[in-house]
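Notes to accompany the following structure.
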Amino acid sequence: MPENSLFFTKTLLKWNRESNTRMMPWKAEKDPYKIWLSEIILQQTRVEQGMAYYQRFILKYPTIRALAMANDTDVFKLWEGLGYYARCRNMLFTARFLYNNKKAVFPSRYEDILALKGIGTYTAAAIASFAFNLAYPVIDGNVTRVISRFFGVGEYVDLAIGKNIINNLAHKTIDKKSPGKYNQAIMDFGATVCKPVGPLCNQCPLSGKCLALMDNRVAQLPRKRGKIRIRDRYFHFLVIIQKDQIFIRERIARDIWQHLHEFVLIENGKLLSAKSFFSKCSNSIPTGISYSDLIYSSGEYKQQLSHQCIHARFILVKPKKEVKLDGFLTIPIGSLHRYAFPRIITKWLAENPFYSLP
DNA sequence: AAAGCGGGGTA
DNA sequence: TACCCAGCTTT
């Protein structure tokens with residue numbers, strides 16, 4: 001087994017030197033701030049999806065100080081569409097923490113990096129190895145897959161037992177001399193060769209000693225526990241327009257899309273037509289708004305989240321009586337673009353420009 | 001240990 | 001459809 005582990009490490013480094021053609025803007029980057037940003041953006045996010053966001057962020061907020069000074073609305077606007085918005089919140093918090101308490105210097109010890117909000121074991125190891133060449137193995141989806149296949153780990157990798165085995169193997173196989181290079185190598189290898197589906201075993205340099213391949217279990221590994229169940233929710237967005245102003249508010253409840261914005265939201269057990277919406281939800285609808293104020297009602301918009309499926313209808317009204325709403329911002333329609341909204345709302349906005357509506 | 005959190009790509 | 005992606009935090 002130790003010789004297999006050495007073969008594994010050497011082969012990945014060799015593959016990285018000779019065959020790894022994957023290019024990313026933050027490769028060879030040494031600024032811990034930029035590495036941090038790239039790693040946060042890439043949590044549960046494909047490189048191709050995060051690339052443009054990274055470029056825009058670096059341009060607008062090139063330093064810890066710049067990010068610490070930014071206002072929340074602008075930063076969330078830049079994050080809009082990327083998902084997992086707690087990442088954005090935590091980055092802002094940590095940037096301000098570092099700026100106010102650490103002279104805007106990013107910590108260089110693994111434990112100190114790990115202690116920062118929004119940074120877990122993967123991200124701490126990535127920053128420690130890439131920026132400071134410390135020998136901490138990254139363990140992400142790629143690494144878990146490559147290791148579990150090559151070493152034939154059949155335990156559930158999302159349970160403590162399997163995690164421990166992967167963790168031990170990762171520590172055993174990391175190259176102590178070039179941990180950054182090695183971490184980069186194994187992730188790129190997992191993304192381009194040892195892929196989740198359709199791995200390129202026929203041209204894989206590890207195939208000679210890959211236990212999963214020998215046992216014909218490549219497609220079965222890594223093993224994971226059962227899947228989650230998805231909850232359906234039905235959102236009715238009441239879009240209220242009054243003298244070229246529109247009502248929006250920030251979502252602050254303990255729910256999805258925290259710190260993004262929305263219109264008046266009324267949730268129901270099922271998706272209602274505009275007409276039944278006004279009759280069935282009358283006690284949730286702000287006073288002074290009635291069916292006779294209806295200008296337009298959209299079809300069904302759907303969005304699949306990791307744990308929920310959102311069904312939404314947009315109902316546009318222009319109340320005849322003046323309405324006031326507590327907790328809402330009234331902003332000019334022309335300023336909508338400054339605020340971050342969930343994808344389902346930006347999609348509706350894009351397809352229904354207000355100038356085209358009656 | 002399990003749940004919750006986005007959005008998009010791929011077979 | 002189902003699965004997964006350079007995961008983390010809270011329950």
Side-chain angles (χ1 to χ4, degrees), chain A residues 22 24-27 29 34-54 76 79-91 93-94 113-130 136-146 156-164 170 180 182-192 194-199 219-231 233 251 253-260 302-310 340-347:
Chain A
R22 220 175 176 214
M24 271 103 71
W26 48 84
K27 263 199 192 182
E29 178 61 64
K34 293 182 183 164
I35 295 173
W36 171 43
L37 174 63
S38 72
E39 294 303 338
I40 299 295
I41 287 180
L42 267 44
Q43 286 168 6
Q44 291 291 281
T45 305
R46 285 167 202 280
V47 169
E48 310 82 66
Q49 189 189 356
M51 193 93 75
Y53 284 87
Y54 173 79
F76 272 92
W79 200 274
E80 181 186 65
L82 197 50
Y84 285 145
Y85 298 92
R87 293 183 291 176
C88 183
R89 188 101 209 118
N90 288 332
M91 269 208 84
F93 178 91
T94 295
I113 300 172
L114 183 59
L116 298 174
K117 194 162 290 194
I119 295 186
T121 53
Y122 163 78
T123 305
I127 299 172
S129 65
F130 295 151
Y136 292 89
V138 290
I139 301 177
D140 70 334
N142 292 307
V143 174
T144 300
R145 186 172 57 255
V146 174
Y156 289 112
V157 297
D158 47 359
L159 261 50
I161 170 70
K163 271 192 222 165
N164 241 306
Y182 173 83
N183 279 340
Q184 192 66 61
I186 188 169
M187 286 193 285
D188 286 343
F189 184 82
T192 60
C194 198
K195 300 188 286 185
V197 292
Q220 276 68 48
L221 297 179
R223 252 176 102 199
K224 292 183 181 170
R225 288 286 276 180
K227 30 190 235 34
I228 56 174
R229 58 178 179 73
I230 293 187
R231 177 164 64 115
R233 297 176 73 180
R251 289 178 62 86
R254 186 208 221 46
D255 199 351
I256 56 173
W257 299 326
Q258 265 190 70
H259 306 294
L260 270 61
K302 252 199 289 194
Q303 183 177 9
Q304 189 75 51
L305 278 53
S306 53
H307 284 67
Q308 305 179 17
C309 183
I310 308 299
F341 292 92
R343 193 72 186 86
I344 199 167
I345 292 182
T346 59
K347 188 171 178 222

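Naming convention: chains lettered A, B, ... in sequence-line order (proteins, then strands); numbering from 1 in each chain.
What separates CG of A/Leu305 from P of B/dA3 is a distance of 17 Å, to the nearest Å. Between the CG atom of A/Leu116 and the C1' atom of C/dT9 there is a distance of 15 Å, rounded to whole Å. A/Arg87 has its CZ atom 10 Å from the P atom of B/dG7, to the nearest Å. The OH-C1' distance, from A/Tyr84 to C/dG7, rounds to 8 Å in whole Å. For A/Gln258 and C/dC8, the CD to C1' distance is 14 Å, given to the nearest whole Å. If you take CG of A/Leu221 and P of C/dC3, they are 16 Å apart, rounded to a whole angstrom. When the C1' atom of C/dC4 is taken as reference, atom NZ of A/Lys224 falls 7 Å away, rounded to whole Å. The distance from atom CE of A/Met51 to atom P of B/dG9 is 14 Å, rounded to the nearest whole Å.
At a threshold of 4.0 angstrom between heavy atoms, the contacts of A/Arg22 include nucleobase atoms, whether or not backbone atoms are also involved. A/Gln308 comes within contact range of the sugar-phosphate backbone alone, with a heavy-atom separation under 4.0 Å but no base atom that close. Nucleic acid contact for A/Ile228: none, since no nucleic acid atom lies under 4.0 Å from a heavy atom of the residue. No engagement by A/Glu80 is indicated, since no non-hydrogen atom pair under 4.0 Å with the nucleic acid exists. As judged by a 4.0 angstrom heavy-atom cut-off over every strand, A/Arg46 is placed among the base-contacting residues. Across all strands, A/Gly190 comes closer than 4.0 Å to no nucleic acid atom at all (heavy-atom distances). At a threshold of 4.0 angstrom between heavy atoms, the contacts of A/Trp79 with the nucleic acid are absent. Residue contacts shown for A/Ile40 are absent, as no nucleic acid heavy atom lies under 4.0 Å away. Heavy atoms of A/Asp188 sit under 4.0 angstrom from at least one base atom.
You'll find the side chain of A/Ile119 reaches within 4.5 Å of the side chain of A/Trp36, heavy atoms only. Two residues are said to be in side-chain contact when any heavy atoms from C-beta on lie closer than 4.5 Å; A/Arg233 and A/Leu305 fail this criterion. Between A/Arg89 and A/Gln258, every side-chain heavy-atom pair lies at or beyond the 4.5 Å cut-off.
For B/dG8, the OP1/OP2 oxygens have a side-chain nitrogen or oxygen of A/Arg343 closer than 4.0 Å. Residue A/Tyr85 places at least one side-chain N or O under 4.0 Å from the OP1 or OP2 atom of B/dG7. OP1 and OP2 of C/dC5 both lie 4.0 Å or more from every side-chain N or O belonging to A/Gln44. Between A/Thr123 and C/dC8 there is a side-chain N or O to OP1 or OP2 distance below 4.0 Å. Close to B/dA2, at under 4.0 Å from its OP1 or OP2, lies a side-chain N or O of A/Arg225.
Looking at which nucleotide of DNA chain C each of A/Lys117 and A/Trp26 is closest to, the 5′-most match is held by A/Trp26. Between A/Ile344 and A/Arg229, the residue anchored closer to the 5' end of DNA chain B is A/Arg229, taking for each the nucleotide with the nearest heavy atom. Between A/Pro342 and A/Leu159, the residue anchored closer to the 5' end of DNA chain B is A/Leu159, taking for each the nucleotide with the nearest heavy atom.
Looking at A/Thr123, its side chain never comes within 3.5 Å of a backbone N or O of A/Gly120 through a donor-acceptor pair. Looking at A/Thr45, its side chain does come within 3.5 Å of a backbone N or O of A/Gln43 through a donor-acceptor pair.
The side chain of A/Tyr122 lies closest to C/dG7, out of C/dC5, C/dG7, B/dG7. With B/dC5, B/dG7, C/dA6 as the choices, the nucleotide that has an atom nearest any side-chain atom of A/Met187 turns out to be C/dA6. When distances run from any side-chain atom of A/Gln43 to the nucleotides B/dA2, C/dC8, B/dA3, the shortest one goes to C/dC8. In the set C/dT9, B/dG6, C/dC4, C/dT9 carries the atom at the smallest distance from any side-chain atom of A/Asn90.
Comparing the C1' positions of C/dA6 and B/dA3 gives an interatomic distance of 23 Å, to the nearest angstrom.
No N or O donor and acceptor, one from the side chain of A/Ser306 and one from the base of B/dG7, sit under 3.5 Å apart.
Taking the ring centroids of A/Phe76 and A/His259, they lie under the 6.0 Å cut-off.
Other residues, nucleotides and ligands place no more than 12 heavy atoms under 6.0 Å from the NZ atom of A/Lys302.
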